[in-house]
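Notes for the one structure printed next.
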Number of protein chains: 2
Amino acid sequence: MADISAPPRVTSVDVARRAGVSQSTVSLVLSGKARGRISARTEEAVRAAAAELGYRPNVAARALRTGVARSVALVVPDITNPFFGRVLRGAQRAAQEAGYTVVLVDIGNNRAWEAASVQALLAGPADGLLLFESDLPPGTSEHAIQIEMMPGRGLPVVRLDVEAGVDFAVDHLLALGHTRIGHVSSNFDAPTFDLRAARMAERLGGPPPTVKAPFTFEGAKQAALDMLDEGVTAVFCDDDILAGGVYLAARDRGVRIPEDLSVIGFDDLDFARVLAPPLTTVAVDAEGLGAIAFEALARDLAGDRPPDEQVMPVALKVRESTAPP
Amino acid sequence: MADISAPPRVTSVDVARRAGVSQSTVSLVLSGKARGRISARTEEAVRAAAAELGYRPNVAARALRTGVARSVALVVPDITNPFFGRVLRGAQRAAQEAGYTVVLVDIGNNRAWEAASVQALLAGPADGLLLFESDLPPGTSEHAIQIEMMPGRGLPVVRLDVEAGVDFAVDHLLALGHTRIGHVSSNFDAPTFDLRAARMAERLGGPPPTVKAPFTFEGAKQAALDMLDEGVTAVFCDDDILAGGVYLAARDRGVRIPEDLSVIGFDDLDFARVLAPPLTTVAVDAEGLGAIAFEALARDLAGDRPPDEQVMPVALKVRESTAPP
DNA sequence: TTGTATGCGTTATCAG
DNA sequence: CTGATAACGCATACAA
């Protein structure tokens, strides 16, 4: 039989009755504000009663009263991408330690949903927002941190050092002797990708041959096929998934990696290691990114001003997908 | 300057004042219970005022008053695994349509955290639980659905047809002429993995050579190395990640796939396609699993009894990692 | 058809 | 040191 009746919630009044004190005393004790106001004896009695009854404060009531939900939202473009899973885990760990809960909003790579989702959130239980490659809807004033965005729109930013990342990558390729280097870039419109393109152009003395691809192996493969026609000897990919697409295209065309084509990815997703040959890629601390972002938001929520911009180091992980041309 | 002051929240009282009606009228209109009770004119006025003011009901207040939060929690073993990302997305999509929000709890493959996390949830804003390969802490009576568990402990279950999955896999291997088939199994303790082992033993007329591995490429590789020593000509893996470990081990030992060793995975994660050779695997509708599970929970929450067990079909996706011995 | 009054469980401000 | 008491914003029974 379906259990319609709600589980019998035990409230602070129940605890008070059990301990033989008033409800406000219970609240005082349990919220840790009893320092020198409540006798050790009563405090003990209250705690015992609460434990016996299995009392858990009602978060809705607390949120209503205090105006804070101790919860933040993380908005990501695509939770299906393991990278964001790692970011979420990092944020969640940091949040848990601070007594916060994080609710995940997955945009599903669909910018159209974005506004609606974020709107829903603002009405919702979120004290603040962690926005990954995403903007605050205009007109909304909220506590928010932007991840992987550039500073300048008033919100604190936490981002990867992508400039260093592309520098590592192209320097590595240049050192190997490559001169015709292509760029397999993301067709998802975000500042971090613009930045990569700009940086490559800068280091290479002009814009490289470029194709734009979606974050799917199949889509990236199609784009990479075009890139192969350009006659490049090496490609830098905005993401490991894109690099996977390049592997697929190369396999189709019979071009060997790294003998005929060097490829470098970005993110160091787990599967980069299991590709054949193992992918050289820019390794990134995704969990750290999430954790740092949460911490910045926590400071903001606490009324403390977080840094305007925090950039996290990256490192080139040289495996076997790169070689001299 | 950090904005300490909370954004000025607009309440139903503000809307009422603006529309020149009482607060209860606003509530009636906005909760859709105005059918034939409120004149079209006032209703219009209320809606206009709400829109102008940008009114969003306070969820904490509503939750306190009604006793429901319109939010469910999804507990997964490891959000870093893309499979669970897909499940989450499916659940989230279904939830969004029903006006629910889903909060994700990542156990991080750490059973020790599990109880604590779930406990926190029960106190929290979750009306119900979606438990992936996880049990309800004893003594807690809550609305919950189990995913990828076996029926029998009182909770409705939504699961994959893993029996069919292993049948497809071993039939395929048998048809190819394999007789020495190994099992690379998960060391994460869950019924779905026990079921696979049992089914294989059943189909094979006895327990196959087996190794247990964690869900990491490196760990799976180590385990697979042992398996290679057993002299099997084919392996069935509980998961594509495990299969990836087998690829790594095979590469190390110089055994060729599929000429020397056939391998079959489970889940059809995206990267299965980009492996060399592309992995033959049991494809599974992870998003559907999440969606169906949410729907079952929604029915439960509505006081309607969900099916005791729902099993979702799977299909063998034959690619190039299997061949005759 | 609409308004008044009440309470959900908490925290916080006061008196005592 | 402790206990009444007043909100927080909303939904709803009941009165008008």
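Naming convention: chains lettered A, B, ... in sequence-line order (proteins, then strands); numbering from 1 in each chain.
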Practice task
Looking at every strand, decide which applies to A/Thr66 at a 4.0 Å heavy-atom threshold: base, sugar-phosphate, or nothing.
Solution key: sugar-phosphate
Exercise for the section: May I have the distance from B/Arg65 (atom CZ) to D/dT12 (atom P), rounded to whole angstrom? Expected result: 6 Å
Exercise for the section: Nearest whole angstrom, please: distance from the C1' of D/dG9 to the CD of B/Gln23. Expected result: 8 Å
Exercise for the section: Please check if the side chain of B/Glu133 supplies one atom and the backbone of B/Pro77 the other of a donor-acceptor pair under 3.5 Å. Expected result: no
Exercise for the section: Round to a whole Å and report the spacing from CD of B/Glu44 to P of C/dT2. Expected result: 13 Å
Exercise for the section: Starting at atom CG of B/Leu30, determine the distance to atom P of D/dC10, rounded to an integer number of angstrom. Expected result: 9 Å
Handout entry: Separation of atom CG in B/Asn58 from atom C1' in C/dC8, rounded to whole Å
Key = 13 Å
Handout entry: Length of the line joining B/Arg17:CZ and D/dG9:C1', which is rounded to integer Å
Key = 13 Å
Exercise for the section: Classify the nucleic acid contact of B/Thr11 as base, sugar-phosphate or nothing, counting any heavy atom under 4.0 Å across all strands shown. Expected result: sugar-phosphate
Practice task
Whole angstrom is fine here: how far is it from CZ in B/Arg70 over to P in D/dC10?
Solution key: 17 Å
Practice task
Using the closest heavy atom to pick a nucleotide of DNA chain D for each, name whichever of B/Thr25 or B/Leu64 lands nearer the 5' end.
Solution key: B/Leu64
Practice task
Check the surroundings of atom CD in B/Glu309: do more than 12 heavy atoms from other residues, nucleotides or ligands lie under 6.0 Å from it?
Solution key: yes
